[in-house]
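One-based numbering along the sequence shown. Numbering of ligands and ligand atoms starts at 1, following listing order.
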Amino acid sequence: MVRIKSPDEIEKMRRAGRVVARTLQELAQAIRPGKTTGEELDRLAERLVREAGGTPSFKGYRGYPKSICLSINEQVVHGIPDGRVLQEGDVASIDLGVKLDGFHGDAAVTVPVGSISAQADRLLKVTRDALMLGIEMARPGGHLNDIGGAVQAYVEKHGYSVVRELVGHGIGRELHEDPQVPNFGKPGTGLRLTSGMTLAIEPMVNEGTHRVTSLPDRWTVVTADGKLSAHFEHTVAICEDGPKVLTEP
Ligand code: MF3
Ligand code: CO
């Protein structure tokens, strides 16, 4: 069942989303080769979220141990921050959810660690642009698969692949609500979009195969071929006059 939000509820989600966006900005600035570890970033994220009056949505969710997911290079999503030292040339996806006043916001960015290869930079750019194209399709009267269709067409045109096994999601009082939001599909099909729906749209884009597998920690998802992956996410409200990104500073 898809839960439709009132303007008041969407405003609450915007406030949660703002904390997500500001915290992600701080984390992105703190990321540097050599000295910054996932554990430090995770502690910084948790402190900033709590100072803003929120709670980290992921911590304790199905037993997840940390406040952020930090997924490096061939890690697609759900990397657990640990003592690993970030290296010049890595790409790091930072994913954060915040609950504030009963509602969640959820967003992710993939950022360069120091200077990165032109290839890696292109993957990041294509993934970010694919997210923005998907968001543009989140309009009343459209169909759910307009979103994934736009993402998939753009990604594949650039020679990359879209992960199938993980998808975006509805979001609100719960971190994960209906519907599932695939990053692939046939435009004009699927659920009819209406105003008041709130979706976390989160393309995961691989340089090589779309196939993924899990590490023995049972959280970290990695590409099956070990090639690079990128991930960008926004929480979006479908409004009468079009999509509103809620995870902006
Ligand atoms: N953005 C991801 C999602 O919405 C992160 C979830 S991590 C978890 O699925 F720990 F909360 F599972
Ligand atoms: Co999400």
Engineer: Say whether E202 and H169, considering side chains only, have a donor N or O and an acceptor N or O under 3.5 Å apart.
Structural biologist: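 Yes.
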
Engineer: Checking K99 against S57: is there a side-chain donor and acceptor pair closer than 3.5 Å?
Structural biologist: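 Looking only at side-chain atoms, K99 and S57 do not form any donor-acceptor pair under 3.5 Å.
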
Engineer: D106 versus L175: any side-chain heavy-atom pair under 4.5 Å?
Structural biologist: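 Result yes, sub-4.5 Å side-chain heavy-atom pair found.
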
Engineer: Which protein residues come within less than 4.0 angstrom of ligand 1, counting heavy atoms only?
Structural biologist: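 Those residues closer than 4.0 Å to ligand 1 by some heavy atom are F58, Y61, Y64, C69, H78, D95, D106, H169, L175, H176, E202, W219, E233.
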
Engineer: For the pair E26 and R22, find out whether any cationic side-chain nitrogen is under 4.0 Å from an anionic carboxylate oxygen.
Structural biologist: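 Salt bridge: no.
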
Engineer: Quick check: of its N, O or S atoms, which one does E202 have closest to the Co ion (ligand 2)?
Structural biologist: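 Restricting E202 to its N, O and S atoms, the minimum distance to the Co ion (ligand 2) goes to OE2.
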
Engineer: Taking the side chain from E156 and the backbone from A153, do they hold a donor-acceptor pair closer than 3.5 Å?
Structural biologist: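 No: the side chain of E156 does not pair with the backbone of A153.
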
Engineer: Tell me which N, O or S atom of E233 sits nearest to the Co ion (ligand 2).
Structural biologist: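 Minimum-distance N/O/S atom of E233 relative to the Co ion (ligand 2) is OE2.
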
Engineer: Using the Co ion (ligand 2) as the apex, give the angle to atoms OD2 (D106) and NE2 (H169), rounded to 10 degrees.
Structural biologist: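 Centred on the Co ion (ligand 2), the OD2/NE2 angle is 90° (to 10°).
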
Engineer: Flag the pair H176 / Y61 as yes when their ring centroid distance falls below 6.0 Å, and as no otherwise.
Structural biologist: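 So the answer is yes for these two rings.
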
Engineer: Would you kindly check if the NZ (Lys) or CZ (Arg) of R15 is within the cone defined by 45 degrees around the ring axis of F103 and under 6.0 Å from the six-membered ring centre?
Structural biologist: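 Checked: cation-pi criterion not met.
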
